[in-house]
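First the structure, in the form of structure tokens, and then the observations on it.
Not measured: the values here are computed from a predicted model.
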Amino acid sequence: MNMTKLPLDVNDNPIPALKLKDDCAHVLDINAATTRNVDPFSQETRVISIYSDVDVYVRFGENDVEATSSDHFFPAHVYYDLSIGGDGVGHSSYMAAIGVSGSGKLYISEKE
């Protein structure tokens with residue numbers, strides 16, 4: 001019996017992969033000031049992927065969330081999958097980011 005929403009291989013083992021959601025890509029311009037996604041993450045989204053071309057600090061919250069240098073650090077050029085809640089756990093609709101130094105882009109993909 002399949003107890004997961006993940007795709008299965010030929011031996012019915014779950015493949016740890018989620019589908020990218022259409023029209024749910026976000027791009028943040030990163031610099032020394034905090035920035036957040038303009039459109040909230042879908043209430044159905046439980047996982048996002050992030051990739052930045054500069055080192056960043058990030059924080060999750062609501063539409064007033066701001067990131068600081070005491071938040072979670074993510075180095076540049078690494079792809080991360082992160083849970084944003086759901087299934088009875090608080091859901092974060094926004095992510096704020098601030099650059100460590102320099103400016104660049106942070107790419108966010110919602111998954112299902």
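- Between the side chain of R59 and the backbone N or O of V65 there is no donor-acceptor pair closer than 3.5 Å.
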Could you tabulate the donor-acceptor pairs under 3.5 Å formed by side-chain atoms of residues 89-99, not counting sequence neighbours?
residue: H91; atom: NE2; partner: S42; partner atom: O; Å: 3.1
residue: H91; atom: NE2; partner: T45; partner atom: O; Å: 2.9
residue: S93; atom: OG; partner: Q43; partner atom: NE2; Å: 3.4

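- Here the side chain of N31 pairs a donor or acceptor atom with the backbone of A33 at under 3.5 angstrom.
- Contact annotation: the side chain of F73 never approaches that of V58 to less than 4.5 Å [non-hydrogen atoms, C-beta and beyond].
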Test side chain to side chain contact (heavy atoms under 4.5 Å, CB included) on V100 and F74 and set out the steps. CA-CA 10 Å; V100 174; F74 289 88; over 6 Å; no

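- E112 contributes atom CD, which lies 5.5 Å from atom NZ of K21 (distance to the nearest 0.5 angstrom).
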Under 3.5 Å, side-chain donor or acceptor atoms of residues 49-57 against the rest of the protein: list the pairs with distances, not counting sequence neighbours.
residue: S49; atom: OG; partner: Y79; partner atom: OH; Å: 3.4
residue: S49; atom: OG; partner: D81; partner atom: OD1; Å: 2.2
residue: S49; atom: OG; partner: K111; partner atom: NZ; Å: 3.0
residue: Y51; atom: OH; partner: H77; partner atom: ND1; Å: 3.0
residue: S52; atom: OG; partner: V54; partner atom: N; Å: 3.2
residue: S52; atom: OG; partner: V54; partner atom: O; Å: 2.6
residue: S52; atom: OG; partner: K105; partner atom: O; Å: 3.3
residue: D53; atom: OD1; partner: K105; partner atom: N; Å: 2.7
residue: D55; atom: OD1; partner: A76; partner atom: N; Å: 2.8

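- Legend: residues meeting salt bridge (charged side-chain N to carboxylate O under 4.0 Å, His left out) with E66, ordered by chain and number and at least two apart, are absent.
- At a threshold of 4.5 Å between non-hydrogen side-chain atoms, the residues L28 and N37 count as touching.
- Other residues, nucleotides and ligands contribute at most 12 non-hydrogen atoms within 6.0 Å of the CG atom of D23.
- Note: the hydrophobic cluster containing V78 does not contain Y107 (ILVMFWY, side chain heavy atoms under 4.5 Å, direct or indirect links).
- Tracing side-chain contacts under 4.5 Å through hydrophobic residues (I, L, V, M, F, W, Y), one never reaches V47 starting from L20; they form parts of separate clusters.
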One pair to check against side chain to side chain contact (heavy atoms under 4.5 Å, CB included): E110 and E44. What are the steps and the verdict? CA-CA 10 Å; E110 295 183 47; E44 291 79 36; over 6 Å; no

Could you please spell out the steps behind the ring-ring contact (aromatic ring centres under 6.0 Å, His included) verdict for H26 and F41? CA-CA 9 Å; H26 309 262; F41 301 131; 5.2 Å; yes

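- Using a 4.5 Å heavy-atom cutoff, the side chains of T35 and I30 are in contact.
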